[in-house]
Participant: 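Take this structure first; my questions come after.
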There are 2 protein chains.
Amino acid sequence: MARLPEYLRALHHLAEAGHDTVSSEALAAAAGVNSAKLRKDLSHLGSYGTRGVGYDISHLIAQVEHILGLHLSRAVALVGVGNLGHALAGYGGFASRGFKIVALFDADPTRVGEQINGLDVRHIDELATTVTTERITIGVIATPAPAAQIVADLLVKAGVTSILNFAPCVLNVPEGVDVRKVDLAIEMQILSFHEHRKSAALASGEAAA
Amino acid sequence: MARLPEYLRALHHLAEAGHDTVSSEALAAAAGVNSAKLRKDLSHLGSYGTRGVGYDISHLIAQVEHILGLHLSRAVALVGVGNLGHALAGYGGFASRGFKIVALFDADPTRVGEQINGLDVRHIDELATTVTTERITIGVIATPAPAAQIVADLLVKAGVTSILNFAPCVLNVPEGVDVRKVDLAIEMQILSFHEHRKSAALASGEAAA
DNA sequence: AACTGTGAATTTGTTCACAGCA
DNA sequence: TGCTGTGAACAAATTCACAGTT
């Protein structure tokens, strides 16, 4: 379930604040969801709550991390160390939440050899070998759109089975490979849409209000 | 509808490739969705297709851009020019798709005055004034989590009605303010979940296969 | 008394399948 | 004939509401 990571973040936050247990109501508020939905989600992992009390935070954290496979710490390769890729390579949020970027690649020879956060940028020709030797299973694509499909094919061929795609394009991958897409311009456009609706509603005199 | 931006991107791509019209089947493939879903989505904007032919690309682009409010070009403020904020400020994908970051803010005085992409980083104390004078309606939060709610409150108070939040936390905002969240670590954790499921399926001998 | 877990009701979203138009 | 637009069927997700446990 795609909401478990959000619950996990909220749980860690509560644990750091010194709490031992939490009710579905409180956890739902911290995660920004409805409490019934949260209970239903958690009940799918098994019954880890106590009626009248709530959920044991550290126990629930362990359960959720196990479901998400975060006890295993998977190796990640990042391809494309341009503007965004550079920031992702240096982003502390990955390491602190269980992911380790173990290799950086770029097609531009002038970038190869550069060091970012203690990692050398390697040429993309080395991708296949490195993915194998470092046992990389997750790839992050932060290249321009025209290169993204080529990189995706390389990653898949090398054995990567999950891809996080920041390039603004749809990737074609074989069955069994998971792709998640993050398109920053699309996020902005969705906000623009809401802005547009709001100003239109105002202009038309809020007849419904 | 949240899929329109994806259709728009695909349409622009087709237009650049020299196409004039496109069928729902082809456009759906380019956008990575089912063709019936695409037709239903587009039919909500009105009937802009021609039976037997398909959709006129440039006409449809104009319609979709209008629905999304992209003909208006809204001003954007970015708060937090750390690692990620820096990359976002320099990200070409915003400008090329109709958004203009017009102001950068940070709380750290050592960063104030720095220039990124021709924009001065201002101190967050100037946020309220700048948002008003520059008519900013969209705010991007790229601060650490503990600062995000404070920044969100500042933005809302200054008149911003849409927020794109990159900080790993839930924001509380009043009714009428839209928030979209992008959490990079959560994206990775969702991939980790799929990886975990796949390796579990393999280990248990793929009894279903 | 407080809170979980869950059937049932409801809403929302997706896909099918085809009538009807160019 | 090729393709859109859409009613109807289907599927999924969400929320309600409350029985049951601690």
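Nothing here was measured: the structure is a model prediction, and the numbers come from that model. Just so it is clear, the values below take in all heavy atoms, side chains as well, and ignore hydrogens, waters and symmetry mates.
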Participant: Would you tell me whether B:Arg122 and B:Thr130 have side-chain atoms, one donor and one acceptor, within less than 3.5 Å of each other?
Facilitator: yes
Participant: A:Val177 versus A:Ser162: any side-chain heavy-atom pair under 4.5 Å?
Facilitator: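 No - every pair of side-chain heavy atoms lies 4.5 Å or more apart.
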Participant: Nearest whole angstrom, please: distance from the P of C:dT4 to the CG of A:Leu38.
Facilitator: 9 Å
Participant: I need the CD-C1' distance between B:Glu25 and D:dT1, as an integer number of Å.
Facilitator: 16 Å
Participant: Answer yes or no: does a side-chain N or O of B:Ser24 lie under 4.0 Å from OP1 or OP2 of D:dT4?
Facilitator: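 Result: yes.
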Participant: Return the CG to CD1 distance between B:Leu88 and B:Ile101, rounded to the nearest 0.5 Å.
Facilitator: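 One finds 6.5 Å between CG of B:Leu88 and CD1 of B:Ile101.
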Participant: Please state how far atom CG in B:Leu60 lies from atom P in D:dC3, giving the value in whole angstrom units.
Facilitator: 16 Å
Participant: Tell me whether the OP1 or OP2 atom of D:dG2 has a side-chain N or O from B:Tyr55 closer than 4.0 Å.
Facilitator: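 Negative; the distance criterion is not met.
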Participant: Specify the separation, in whole Å, of atom NZ of A:Lys37 and atom P of C:dG7.
Facilitator: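 Value for this atom pair: 20 Å.
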Participant: Out of curiosity, A:Arg9 CZ to B:Gln189 CD, how far, rounded to the nearest 0.5 Å?
Facilitator: 10.0 Å
Participant: Using a 4.0 Å heavy-atom cut-off, write out nucleotides 16-22 of chain D from 5' to 3' as B (base contacted by protein), S (sugar-phosphate only) or - (no contact).
Facilitator: BB-BBBB
Participant: Please report, rounded to the nearest Å, how far the C1' atom of C:dC3 is from the CG atom of A:Asp56.
Facilitator: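 It works out to 15 Å between those atoms.
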Participant: May I ask you to evaluate whether A:Ser47 reaches the phosphate of C:dG5, defined as a side-chain N or O under 4.0 Å from OP1 or OP2?
Facilitator: yes
Participant: Could you tell me how far apart B:Asp41 (CG) and C:dG13 (C1') are, to the nearest whole angstrom?
Facilitator: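 From B:Asp41 CG to C:dG13 C1': 10 Å.
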Participant: Tell me every residue that passes salt bridge (charged side-chain N to carboxylate O under 4.0 Å, His left out) with A:Arg3, counting only those two or more places apart in sequence or in another chain.
Facilitator: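 Once residues adjacent in sequence are excluded, the partners of A:Arg3 under the salt bridge (charged side-chain N to carboxylate O under 4.0 Å, His left out) criterion are A:Asp41.
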Participant: Taking ring-ring contact (aromatic ring centres under 6.0 Å, His included) as the test, write out the residues that go with B:Tyr91, two or more places apart.
Facilitator: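 For B:Tyr91, the residues satisfying ring-ring contact (aromatic ring centres under 6.0 Å, His included) (neighbours in sequence not counted) are B:Phe94.
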